[in-house]
Q: 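If you scroll down you'll find the structure; I have some questions about it.
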Amino acid sequence: MSDRSTLPALAWLAVCAALGLIATARGTEAQVWGLIPAVHRPVIEIDLRVHLDDGAPDEALEAAVASLEPLAGRCPLAPPPAEARRWLDAHALSLLPREYHSALADRLAPEALRTAIAGARARLASPFAGLVGDDLRRDPLRLAELAPQLAGRLGFLAAAGPEASVRGDLVAPDGRSALLCFQTSGSAEALRADAAALVAAQPVSLAVVGAAARDDAAAAALTAAPRVLTTLAAALTLVLALAFRSVRPVVALLLAILGPAALLAALVAPLGLLDLPLLALAVGISAAPARPDWTVTALTALALTPLLLTPYPAWQTWGLAWAAGLAAAGLARRLVQPALAAWLGKPAAERAPFGRPDPPPLRLRVALPAAAACAVVLSLGAWSSRHVRFDSPSPLPLADPELTAAEAAARTEFFRPEDVAVLHSRGATPEEALARAAEELPALLSLVPSQIQRVDGPGAFAVAEPELKARLDGLLALDIRGRLELLRATIAEFGMRPDAFGEFIRAAGDDLRDPPSPEAALAGPLGPWLTSKFGPDGMVTRAYLASEPGALPAGLDLRGPGVFARAEHDRFSARAGAVAAAGAWLSALVVWLATRRLALALALALAAIVAQCGLLVLLHLLHRSFGPLTLPVFLLAGSAAVVAGLRAVRALAAGRPWIDPGRLANALGPLAAALALLAAPEPVWRSLGIAAGLAVLCAHGVGGLVGPLLYALTSRAAERFDRRRE
């Protein structure tokens, strides 16, 4: 051991420690929404589910909800039903769209009035009049039936689904659960603890759902990161010891890649849920027994660069961070590892890993069946890309059992938290924003119930100019005032007092004098609720998406994780194809620059695509999913196939064995990373671990075995082309 090797080794360890301290100081983050663009991030709110215990009376739910009144940040999930109903009854005519005016005229015809009042008289004389009498007095002509979507405009005031409480909370159809919304800067667990203290004497259980609850669960999951990295280090030590058959080269290699790993952690810090698996894969790929040259380093470093073409924020960060980290790993392997090995002292006798069998001949009769097999794999891969299960970018699965159970209950009783979309109606003032919301509402209602289940829209309670004027002109053309006088006479004719229906008659007359303009709506009983919906981005309309995965119309500026996930479901196959083509082009460019052999570049680019298609086939056969989450592994499969093929071709050119166990040992590092992720507790990490293991098998199988055969075909074709040209 000499000072010339000691000084660089100590300096390198100091650099590794400094980078590690930087990464640790930046901490961790949840990163649950790392695959969702910023414009589609959900509103940070906490939904508190209050559920009655078994055997508790139904009326205990109202008392428990009332005891939560001191909690700060409470906001309604639906318009207050009493105020909403009062406003709707007062403007039943002008809130009716113009396309229903002809049906309204039929309802106001003399014979139709007689029939309606006769039916109302019969129902009021029934013993069950107490159950239906109030509705009859508010709407004796059943005008609400004219527009079937009118109830749906009020979201949870619709007949089906949860009901709205007095405070705008939601109550499940069975009356045993309530959902309360809070917008607060505190954590979900803190809110749950405060709520539990308030309802300690009540027979209820509490659970939290929503974006903040998912962030807390993901942050808790990252406490398992040290265990995963420790498992990876142990696995790498084992497989590298088998490859080198000596301890000191293993220690030198692991110390050499420690710096690039710390650099990667510092670049992507704070470390999130999606960062850990890629960090583990980067360490596993860097720890190949064979020392990489600049070509292999460039191929590996550029593997994830096509992720810059995607809209996923976390993967865009990794597109650049991976390039920097793997390039640093290549330099460390070439420059730092020899110094570390000298510092540690070389072993007495270094042996080549495993044996050296004779290489098989490269003959055309072997290459043609390989090309046919590649064609079959390409066809199956294209078919599998349309049939493999899509892994949605939202919601990412989490291992927290309590959160999983709470979200399942919320989906059953209320709505799916991940499918809440918002539409911001712009406006400098609440009046302008509400007018804009009223103009945008018909486009939303056209999607009910096929793509949107319910709409919680402030625009349902107002009509903006010039639509308001057109509706009033249409109503005046129907002679509404004259029809109301006829209604009074018809009621008296059937022996009833017109004052019994005075609420409806007065409201219909006042509706024409004071229509539901945005200004009137904000000054009416719903004013506080409408004002609470106005913010810096305008008036907020909430849409609850249906379960169908189809994309929503592009004309609507709906935002939310569910909106983005539906759009990705339809266009992801094309996106994955474009990203794979970009990766194959980059790999071919690097190989061509390194070897100046176009036939080799084309052969290895084709091998990369075949490996990726093979990965798709395996994912489909094993009932695994493919989508934005597994896209980096998909790219790594192509890059690894090119590296394996290039090493196999170079070995054959140098007279070394085709199937060299020493080269195959390079697959052990990524496989160790995949196994470490497979043993991790989080479903996201396990999914990426399984996909990474399959990708390594496809890459080294196709690249190392089929790559040279494809090169034999492309070079033979190139030779024939050159002879014909000459």
Q: Run the side-chain hydrogen bond (donor to acceptor under 3.5 Å, both in side chains) test against Glu568 and tell me which residues pass, sequence neighbours left out.
A: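 Glu568 satisfies side-chain hydrogen bond (donor to acceptor under 3.5 Å, both in side chains) with Tyr312, Arg571, Arg575 once adjacent residues are dropped.
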Q: Got a salt bridge between Glu45 and Arg542, using NZ or NE/NH1/NH2 to carboxylate O under 4.0 Å?
A: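 Result for this pair is yes, salt bridge flagged.
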Q: Which value, rounded to the nearest 0.5 Å, describes the distance between Thr310 atom OG1 and Gln316 atom CD?
A: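 One gets 5.0 Å once the value is rounded to the nearest 0.5 Å.
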Q: Could you name each residue pair satisfying salt bridge (Lys or Arg N to Asp or Glu O under 4.0 Å) that touches residues 90-105, not counting sequence neighbours?
A: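 The answer is Arg98-Glu467.
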Q: Atom OG in Ser177, atom CG in Leu52: separation rounded to 0.5 Å?
A: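 One gets 7.0 Å once the value is rounded to the nearest 0.5 Å.
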Q: So does Asp479 pair up with Arg483, basic N to acidic O under 4.0 Å?
A: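 Salt bridge absent between Asp479 and Arg483.
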Q: Whether Asp557 and Arg559 form a salt bridge (side-chain N of Lys/Arg under 4.0 Å from carboxylate O of Asp/Glu) is what I want to check.
A: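 Result for this pair is yes, salt bridge flagged.
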Q: Less than 4.5 Å apart, side chain to side chain, heavy atoms only: is that true for Phe461 and Pro79?
A: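 Side chain of Phe461 against side chain of Pro79, heavy atoms only: contact under 4.5 Å found.
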Q: To check you understand the geometry: which heavy-atom pair defines the closest contact between Ala188 and Asp216, and what is its length?
A: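 Looking at all heavy atoms of both residues, the shortest contact is N-OD2, 2.9 Å.
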Q: Could you measure the distance from the CG atom of Asp473 to the CG atom of Leu478? Nearest 0.5 Å is fine.
A: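 That separation rounds to 11.0 Å.
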Q: I'd like to know if Arg436 pairs up with Glu440 as an ion pair, taking the criterion as any Lys NZ or Arg NE/NH1/NH2 lying under 4.0 Å from an Asp or Glu carboxylate oxygen.
A: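 Glu440 and Arg436: salt-bridged.
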Q: State, to 0.1 Å, how close Phe564 and Pro311 come at their nearest heavy-atom pair, and which atoms those are.
A: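 Minimum heavy-atom contact is CZ-CG, 3.9 Å.
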Q: Could you please spell out the steps behind the side-chain contact (heavy atoms from CB on, under 4.5 Å) verdict for Asp47 and Phe414?
A: CA-CA 11 Å; Asp47 294 331; Phe414 304 105; over 6 Å; no
Q: Is there a side-chain contact between Ser205 and Asp53, using heavy atoms and a 4.5 Å cut-off?
A: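 The answer is yes; the side chains approach within 4.5 Å.
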Q: Considering only heavy atoms from C-beta outward, does the side chain of Leu522 approach that of Leu434 to under 4.5 Å?
A: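 They are in contact (side-chain heavy atoms under 4.5 Å apart), so the answer is yes.
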Q: Show your working on side-chain contact (heavy atoms from CB on, under 4.5 Å) between Trp33 and Arg214 and close with a plain yes or no.
A: CA-CA 9 Å; Trp33 315 107; Arg214 297 197 116 253; 4.0 Å; yes
Q: Identify whether the distance between the nearest side-chain nitrogen and carboxylate oxygen of Arg566 and Asp419 falls below 4.0 Å.
A: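 Yes, this pair counts.
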Q: How long is the span from the CG atom in Leu445 to the CG atom in Leu441, to the nearest 0.5 Å?
A: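 Here the rounded value is 4.0 Å.
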Q: Does any part of the side chain of Arg389, heavy atoms only, come nearer than 4.5 Å to the side chain of Asp391, both counted from C-beta?
A: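 No; the side chains remain at least 4.5 Å from each other.
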Q: Does a sphere of radius 6.0 Å around CG in Asp58 hold more than 12 heavy atoms from other residues, nucleotides or ligands, not counting ones at 6.0 Å or beyond?
A: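 Result for CG/Asp58: enclosed.
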Q: Looking only at heavy atoms, what is the nearest atom pair of Arg107 and Ala112, with distance?
A: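 Smallest heavy-atom distance, with atoms named: O-CB, 3.5 Å.
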Q: Please tell me if the side chains of Ile480 and Leu108 come closer than 4.5 Å, counting only heavy atoms from C-beta onward.
A: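 The answer is yes, as the side chains (C-beta and beyond) meet within the 4.5 Å cut-off.
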Q: Answer yes or no: is there a side-chain heavy-atom contact under 4.5 Å between His101 and Leu475?
A: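 Counting from C-beta outward, His101 and Leu475 do come under 4.5 Å.
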Q: Using the rule given for side-chain contact (heavy atoms from CB on, under 4.5 Å), can you reason through Leu179 versus Phe415, listing the C-alpha separation, both sets of side-chain angles and the distance that settles it, and then say yes or no?
A: CA-CA 10 Å; Leu179 195 69; Phe415 55 83; 3.6 Å; yes
Q: Between Leu558 and Ala421, which heavy-atom pair has the shortest distance, and what is it?
A: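 Closest heavy-atom pair between Leu558 and Ala421: CD2-CB, 4.2 Å.
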Q: List the steps and the verdict of side-chain contact (heavy atoms from CB on, under 4.5 Å) for Val684 and Leu274.
A: CA-CA 8 Å; Val684 170; Leu274 298 172; 4.0 Å; yes
Q: Hey, is the main chain of Glu519 close enough, under 3.5 Å, to the side chain of Glu431 for a donor-acceptor pair?
A: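 Not at all, since once roles are kept as given, no pair shorter than 3.5 Å links the two residues.
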Q: Less than 4.0 angstrom from a charged side-chain N to a carboxylate O is my criterion; do Glu407 and Arg411 meet it?
A: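 Looking at Arg411 together with Glu407, the answer is yes, because their closest N to O distance falls below 4.0 Å.
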Q: Looking at CG of Asp194 and CG of Leu68, how far apart are the two atoms once the value is rounded to the nearest 0.5 Å?
A: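 Here the rounded value is 10.5 Å.
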Q: So does Ala543 get a backbone contact from the side chain of Arg454, meaning a donor-acceptor N/O pair under 3.5 Å?
A: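 Checked: no pair found.
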Q: Between the side chain of Trp315 and the main-chain N/O of Leu631, is any donor-acceptor distance below 3.5 Å?
A: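 No, Trp315 side chain to Leu631 backbone: no donor-acceptor pair under 3.5 Å.
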Q: Evaluate the side-chain proximity of Glu402 to Val208: yes if any heavy-atom separation is below 4.5 Å, no if none is.
A: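 Contact flag for Val208/Glu402 side chains = no.
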Q: Nearest 0.5 Å please: distance from the CZ atom of Arg86 over to the CG atom of Leu526.
A: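 The CZ atom of Arg86 sits 8.5 Å away from the CG atom of Leu526.
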Q: Does atom CD (Glu465) have a neighbourhood of more than 12 heavy atoms from anything else shown, all under 6.0 Å?
A: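 Yes, enclosed.
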Q: Test salt bridge (Lys or Arg N to Asp or Glu O under 4.0 Å) on Arg176 and Asp54 and set out the steps.
A: CA-CA 9 Å; Arg176 305 286 296 177; Asp54 294 339; 5.2 Å; no
Q: Ignoring hydrogens and geometry, is there a side-chain-to-backbone donor-acceptor pair from Arg167 to Pro76 under 3.5 Å?
A: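 Not at all, since once roles are kept as given, no pair shorter than 3.5 Å links the two residues.
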Q: For the residue pair His569 and Phe390, categorise the inter-ring angle as parallel (less than 30°), tilted (30 to 60°) or perpendicular (more than 60°).
A: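 It falls in the perpendicular class, over 60°.
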Q: Can you tell whether the side chains of Glu413 and Arg49 come within less than 4.0 Å, N to carboxylate O?
A: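 Judged by the 4.0 Å cut-off on N to carboxylate O distance, Glu413 and Arg49 do form a salt bridge.
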Q: To check you understand the geometry: which heavy-atom pair defines the closest contact between Val420 and Pro561, and what is its length?
A: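 Scanning both residues completely, I find the closest heavy atoms to be O-CD, 4.4 Å.
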Q: Considering only heavy atoms from C-beta outward, does the side chain of Pro162 approach that of Val171 to under 4.5 Å?
A: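 No; the side chains remain at least 4.5 Å from each other.
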Q: Considering non-hydrogen atoms only, spot the tightest contact between Ser394 and Glu418 and give its length.
A: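 Closest heavy-atom pair between Ser394 and Glu418: OG-CB, 4.0 Å.
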Q: Can any side-chain N or O of Arg192 pair as donor or acceptor with the backbone N or O of Leu206 at less than 3.5 Å?
A: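 Between the backbone of Leu206 and the side chain of Arg192 there is a qualifying donor-acceptor contact (under 3.5 Å).
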